[in-house]
Participant: 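Would you mind keeping the following structure in view while I ask a few things?
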Amino acid sequence: MREIEFRGKRIDNGEWVYGNLMQFEDSATFIFADERKGASTLTYAHFIINNMHAIDEKTLGNCIGREDEDEKTIFENDIVQVVLEHWPMGYYQEVEYIGVVKYDTDICAYYLDLIKPPAVSGETIPDEIDGIKITREDPEDFDTRFYFDASVDSAAMTVIGNIHENLELLEEKN
């Protein structure tokens, strides 16, 4: 079963906090950081007060249930690089995708909202093989979404930042 965890920046000091999401009727948003490990002597009230942190809702992100190659948990609004190996027509190529992790509510799936067109490296596919012209997709017509699926291994993913602390990584999109 996948772990449900949220992260957000604390309003009081700007530090990231991880845990369970708590929202109240007055629309205040908190993350309850469960840090009870070995803390049986704390009173319940003391525990609740010291582990509930008000967060900036703009920084709220849900864990997507995946880790990158360094075993770092991936959250919504992370900027992730995915490098996949392809062998089109027997030629080895690597395709690099860089984008912001988002959630598609229509199909209930996480995806990368790509910052730039996918970058292709490796062997160049010739314009024709045995007199047959090879048609390629125009890089300007790339799909702006790359969906995570079971075939995308954690070893192919690297968290390179997030939209709240690494705005310079988003410049390509704008």
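Here the structure is a predicted model, which means the values were calculated and not measured.
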Participant: Under a single-linkage rule joining Ile, Leu, Val, Met, Phe, Trp and Tyr whose side-chain heavy atoms are separated by less than 4.5 Å, which residues share a cluster with I107?
Facilitator: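 ILVMFWY cluster around I107 also holds Y111, Y147.
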Participant: Just verifying a value: how many Å separate H164 NE2 and W16 CH2, rounded to the nearest 0.5 Å?
Facilitator: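 It is 4.5 Å, given to the nearest 0.5 Å.
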Participant: Quick check against the 3.5 Å criterion: does D153 have a side-chain atom that pairs as donor or acceptor with the backbone of A156?
Facilitator: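 Answer holds: no.
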Participant: Has T29 got a side-chain atom pairing as donor or acceptor with E57's backbone, closer than 3.5 angstrom?
Facilitator: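 Judged by distance alone, no pair lies under 3.5 Å.
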Participant: Considering residues at least two apart in sequence or located in another chain, which fulfil the side-chain contact (heavy atoms from CB on, under 4.5 Å) criterion with I160?
Facilitator: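 Result, side-chain contact (heavy atoms from CB on, under 4.5 Å) vs I160: I79, Q81, I98, T158, L169.
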Participant: Which residues pass the ring pair (Phe, Tyr, Trp, His ring centres under 6.0 Å) test with F6, sequence neighbours left out?
Facilitator: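 F6: no ring pair (Phe, Tyr, Trp, His ring centres under 6.0 Å) contacts found.
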Participant: Might you point out which heavy atoms bring A33 and V17 nearest each other, and give the distance in Å?
Facilitator: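 Shortest heavy-atom separation between A33 and V17 comes out as CB-CG2, 3.9 Å.
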Participant: Return the CD1 to CG distance between I74 and L112, rounded to the nearest 0.5 Å.
Facilitator: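 These two atoms lie 8.5 Å from each other.
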Participant: Out of curiosity, M52 CE to N20 CG, how far, rounded to the nearest 0.5 Å?
Facilitator: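 The CE atom of M52 sits 10.5 Å away from the CG atom of N20.
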Participant: Compare all side-chain heavy atoms of M157 with those of K72 and state whether any distance is below 4.5 angstrom.
Facilitator: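 A side-chain contact under 4.5 Å is absent here.
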Participant: Kindly determine whether V159 and F75 satisfy side chain to side chain contact (heavy atoms under 4.5 Å, CB included), including the steps that lead there.
Facilitator: CA-CA 9 Å; V159 175; F75 287 86; over 6 Å; no
Participant: Under the rule for side chain to side chain donor-acceptor pair (under 3.5 Å), what residues qualify as partners of D12, not counting sequence neighbours?
Facilitator: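 By the side chain to side chain donor-acceptor pair (under 3.5 Å) rule, D12 matches R10.
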Participant: Over 60° means perpendicular and under 30° means parallel, so tell me whether Y97 and F146 are parallel, tilted or perpendicular.
Facilitator: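 Y97 vs F146 ring planes: parallel.
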Participant: If the condition is side chain to side chain donor-acceptor pair (under 3.5 Å), which residues does E15 pass it with, not counting sequence neighbours?
Facilitator: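 Checked E15 against side chain to side chain donor-acceptor pair (under 3.5 Å); zero matches.
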Participant: Check whether any side-chain heavy atom of N166 sits under 4.5 Å from a side-chain heavy atom of E168, and report yes or no.
Facilitator: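 SC-SC contact between N166 and E168 confirmed.
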Participant: What is the minimum heavy-atom distance between E69 and A155, and which atoms define it?
Facilitator: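 For E69 versus A155, the nearest heavy atoms are OE1-O, 3.5 Å.
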Participant: Atom CD of E76 and atom CD1 of I163: how far apart are they, to the nearest 0.5 Å?
Facilitator: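 So the gap between those two atoms works out to 10.0 Å.
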Participant: The test is side chain to side chain contact (heavy atoms under 4.5 Å, CB included); show your working for N62 and Y110 and say whether it passes.
Facilitator: CA-CA 11 Å; N62 190 4; Y110 288 101; 3.5 Å; yes
Participant: I'd like to know if I11 and L21 are part of one continuous hydrophobic network [Ile/Leu/Val/Met/Phe/Trp/Tyr, side-chain heavy atoms within less than 4.5 Å].
Facilitator: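 No: no chain of side-chain contacts under 4.5 Å links L21 to I11.
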Participant: To the nearest 0.5 angstrom, please state how far the NZ atom of K116 sits from the OG1 atom of T144.
Facilitator: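 Going from the NZ atom of K116 to the OG1 atom of T144 covers 15.5 Å.
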Participant: Find out if a path of hydrophobic residues (ILVMFWY) with successive side-chain heavy-atom gaps under 4.5 Å connects V83 to V120.
Facilitator: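 No.
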Participant: Taking only residues two or more places apart in sequence or in another chain, which ones pass side chain to side chain donor-acceptor pair (under 3.5 Å) with R7?
Facilitator: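 Partners of R7 under the side chain to side chain donor-acceptor pair (under 3.5 Å) test: D78.
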Participant: Report whether V95 and V80 are members of the same hydrophobic cluster (ILVMFWY, side-chain heavy atoms less than 4.5 Å apart, transitive linking).
Facilitator: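 In one cluster with V95: V80, yes.
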Participant: Side chain of E94, backbone of S121: donor and acceptor closer than 3.5 Å?
Facilitator: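 Here the side-chain-to-backbone pair does not exist.
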Participant: Is it the case that the side chain of D56 and the backbone of K9 share a donor-acceptor pair, with hydrogens and angles ignored and the cut-off at 3.5 Å?
Facilitator: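 Not confirmed, D56 side chain does not pair with K9 backbone.
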